[in-house]
Amino acid sequence: MLKSIHLILICLLSVLPSLGVADRVVVISDLNASYGSTHYRQSVTNAVQRIGELDADLVISTGDMIGGQQPRPLLNLPQINAMWRSFEKVVIRPLARLNLPLAVTPGNHDASEYADYRLERDVFQRFWKTHKPALDYLDDSHYPLRYAFSLNDTLFISLDATRPGKLGREQFLWLEELLSKHGKRHSHKVVYGHLPLWPFAQDREREALFDEQLERLLIENKVDIFLSGHHHAYYPGAKNNVRHLSQGCLGASPRKLIGVSQRSPRTITVLDIEPGKEIKVTAYRGETFDDPVNLESLPRRIKSRSATLIREDLAGY
């Protein structure tokens, strides 16, 4: 009898690794307040606390962690450093106590590509090189502006996308090579950046990448999800077998989705990733981010001049 049980246990242990590991990733975005502010809304603190209750494996920020890019006068070095110290206190340290790595991507308010904000971009790079999370990097030669890593069976790629318009040729070729080299050995692929590929929100219809070549690359390499911020409005859409997930903001200025009269709520997004299955997406709203967003409360589609995004449940996800 004992010998039979022992044999069964050995068989089970040999099967378990092939079943893969389920991972939970929490996505946050646009935490900043006004230009130069070192204060964060209570919603940011509440979101971080809620993340601690979700048994997550990773946190991703899709940009705008501080309130830079002030037009005039430009922010100086002490002001920029003060904002990052505040972010460290409010977000990084609490997540570190939970042993949660924070994978970030540059936003226009913390690392704008425009020449006027070179200082802010330089500080962003210095700051994150000293706060680099312990991840299984596949390419970190351009960290923290763009990089790639594995989380078990999922490939994550962060893009440097802080201003409207197509990816530069160098970055596009870098992404193409990464997907070609590492894509097939991962069951899931998630690409994320600050600006979306296509518009989601009112008054931001011109603030996207509008990159058809990038879209074809995502389709050809069977990328599951493209995560973005910047539009301050939650929407899980799909187009040509790629899911486009726009994050609600945690900081200032929630926006209205295209075709909607009410502002989007502040949200956090949870990705539950299991090998062999579609990634499950759940967004949470409310003061303590424990109220799931009802998909039926969102428009069936987001239609702009450049693209139509179908709500993911209606697209078969």
- Query: Linking I/L/V/M/F/W/Y whenever any side-chain heavy atoms sit under 4.5 Å apart, do Tyr317 and Leu298 land together?
  - Reply: no

- For Ser29 against Gly229, the heavy-atom pair lying closest together: OG-CA, 3.4 Å

- Task: Can you sort out the partners of Asp313 under side chain to side chain contact (heavy atoms under 4.5 Å, CB included), two or more places apart, ordered by chain and number?
- Result: Leu295, Arg311

- Item | Under the salt bridge (charged side-chain N to carboxylate O under 4.0 Å, His left out) test, residues paired with Glu296 that sit two or more places apart | none

- Task: Identify, with sequence neighbours excluded, every residue that meets salt bridge (charged side-chain N to carboxylate O under 4.0 Å, His left out) alongside Arg118.
- Result: Asp122

- Task: Taking His131 for its side chain and Phe127 for its backbone only, find out whether a donor-acceptor pair lies under 3.5 Å.
- Result: yes

- Ile279 backbone acceptor or donor facing Arg243 side chain under 3.5 Å: yes

- Taking Asp211 for the side chain and Gln213 for the main chain, is one N or O donor matched with an acceptor at less than 3.5 Å? yes

- Query: For Asp160, which of Arg121, Gln171, His142 qualifies under side-chain hydrogen bond (donor to acceptor under 3.5 Å, both in side chains)?
  - Reply: Arg121

- Item | Counterpart residues, salt bridge (charged side-chain N to carboxylate O under 4.0 Å, His left out), relative to Lys277 (two or more places apart) | Glu274

- Ile268 and side chain to side chain contact (heavy atoms under 4.5 Å, CB included): which partner among Leu54, Val48, Val27? Leu54

- Residues in salt bridge (charged side-chain N to carboxylate O under 4.0 Å, His left out) with Asp139, at least two apart? none

- Message: Any side-chain to backbone donor/acceptor pair from His232 onto Gly248? Under 3.5 Å, distance only.
- Response: no

- Message: If you count every heavy atom of other residues, nucleotides or ligands that lies below 6.0 Å from Asn241 atom CG, does the total exceed 12?
- Response: no

- Using 4.0 Å as the upper bound for N to carboxylate O, is an ion pair formed by Arg146 and Glu170? yes

- Between the CG atom in Leu309 and the CG atom in Leu314, the distance rounded to the nearest 0.5 Å is 12.5 Å

- CZ of Phe149 to OG of Ser158: how many Å apart, nearest 0.5 Å? 8.0 Å

- Residue list, side chain to side chain contact (heavy atoms under 4.5 Å, CB included) with Glu212, at least two apart or on another chain: Trp198, Arg216

- Task: Evaluate the side chain to side chain donor-acceptor pair (under 3.5 Å) criterion for residues His186 and Asp153: first the C-alpha distance (whole Å), next the side-chain angles of each, then the deciding distance (0.1 Å), finally the verdict.
- Result: CA-CA 5 Å; His186 291 86; Asp153 205 27; 5.9 Å; no

- Task: Decide if atom CZ of Arg169 counts as having more than 12 heavy atoms of other residues, nucleotides or ligands within a radius under 6.0 Å.
- Result: no

- Between Leu119 and Phe87, is there a shared hydrophobic cluster once you connect ILVMFWY residues whose side-chain heavy atoms come closer than 4.5 Å? yes

- Item | Qualifying side-chain hydrogen bond (donor to acceptor under 3.5 Å, both in side chains) pairs with a residue from residues 245-262, counting only residues at least two apart or across chains | Gln247-Thr269

- Set of ring pair (Phe, Tyr, Trp, His ring centres under 6.0 Å) partners for His194, sequence neighbours left out: His230

- Item | Closest approach of Trp174 to Tyr147 (non-hydrogen atoms, all atoms of both residues) | CH2-N, 3.5 Å

- Message: A side-chain contact here means heavy atoms from C-beta on lying under 4.5 Å apart; do Ile258 and Pro199 qualify?
- Response: yes

- Message: Under the rule for side chain to side chain contact (heavy atoms under 4.5 Å, CB included), what residues qualify as partners of Val242, not counting sequence neighbours?
- Response: Leu218, Ile219, His244

- Task: Check whether any side-chain N or O of Thr308 sits under 3.5 Å from a backbone N or O of Lys303 as a donor-acceptor pair, and report yes or no.
- Result: no

- Is a side-chain N or O of His231 found less than 3.5 angstrom from the main chain of Phe200, in a donor-acceptor match? yes

- So, the side chain of Ser37 versus the backbone of His39: is there a donor-acceptor pair under 3.5 Å, distance only? yes

- Message: If we ignore hydrogens and angles and just use 3.5 Å, is the side chain of Asn76 paired with the main-chain N or O of Gln79 as donor and acceptor?
- Response: yes

- Is the Lys NZ or Arg CZ of Lys166 less than 6.0 Å from the centre of Phe210's six-membered ring, within 45° of the axis? no

- According to the side-chain hydrogen bond (donor to acceptor under 3.5 Å, both in side chains) rule, which pairs have a member within residues 48-61, sequence neighbours left out? Arg50-Glu53

- Task: Look at atom CD of Glu287 and say whether more than 12 heavy atoms of other residues, nucleotides or ligands are closer to it than 6.0 Å.
- Result: no

- Message: Closer than 3.5 angstrom, by distance alone: can the side chain of Arg266 be matched with the main-chain N or O of Gly251 as a donor-acceptor pair?
- Response: yes

- Item | For Tyr235, ring pair (Phe, Tyr, Trp, His ring centres under 6.0 Å) partners two or more places apart | none

- Do you know which two heavy atoms are closest between Tyr117 and Gln70, and how far apart they sit? CE2-O, 3.5 Å

- Honestly curious: do Ile66 and Leu145 fall in one hydrophobic cluster under the side-chain, below-4.5 Å linking rule? yes

- Note on the structure: Value for SG (Cys249) from CD1 (Ile28), rounded to nearest 0.5 Å, stands at 12.0 Å

- Item | Non-neighbouring partners of Thr130 that pass side-chain hydrogen bond (donor to acceptor under 3.5 Å, both in side chains), sequence neighbours left out | none

- Within the distance-only criterion (no hydrogens, no angle test), does the side chain of Glu312 pair as donor or acceptor with the backbone N or O of Pro236 below 3.5 angstrom? no

- Closest non-hydrogen atoms of Asp110 and Phe124, given as atom of the first, atom of the second and distance, are O-CB, 3.5 Å

- Closest contact, heavy atoms only, Gln69 versus Tyr35: O-CE2, 3.4 Å

- Task: For the residue pair Ser86 and Thr38, confirm or rule out a side-chain donor-acceptor distance under 3.5 Å.
- Result: no

- Test the Lys189-Phe226 pair against the cation-pi criterion, namely NZ or CZ under 6.0 angstrom from the six-membered ring centroid and within 45° of the ring axis. no

- Message: Thr162 vs Asn108, test: side chain to side chain donor-acceptor pair (under 3.5 Å). Steps then yes/no.
- Response: CA-CA 5 Å; Thr162 69; Asn108 60 294; over 6 Å; no

- Note on the structure: On a heavy-atom basis, the closest approach of Ala201 and Ala233 is CB-CB, 4.4 Å

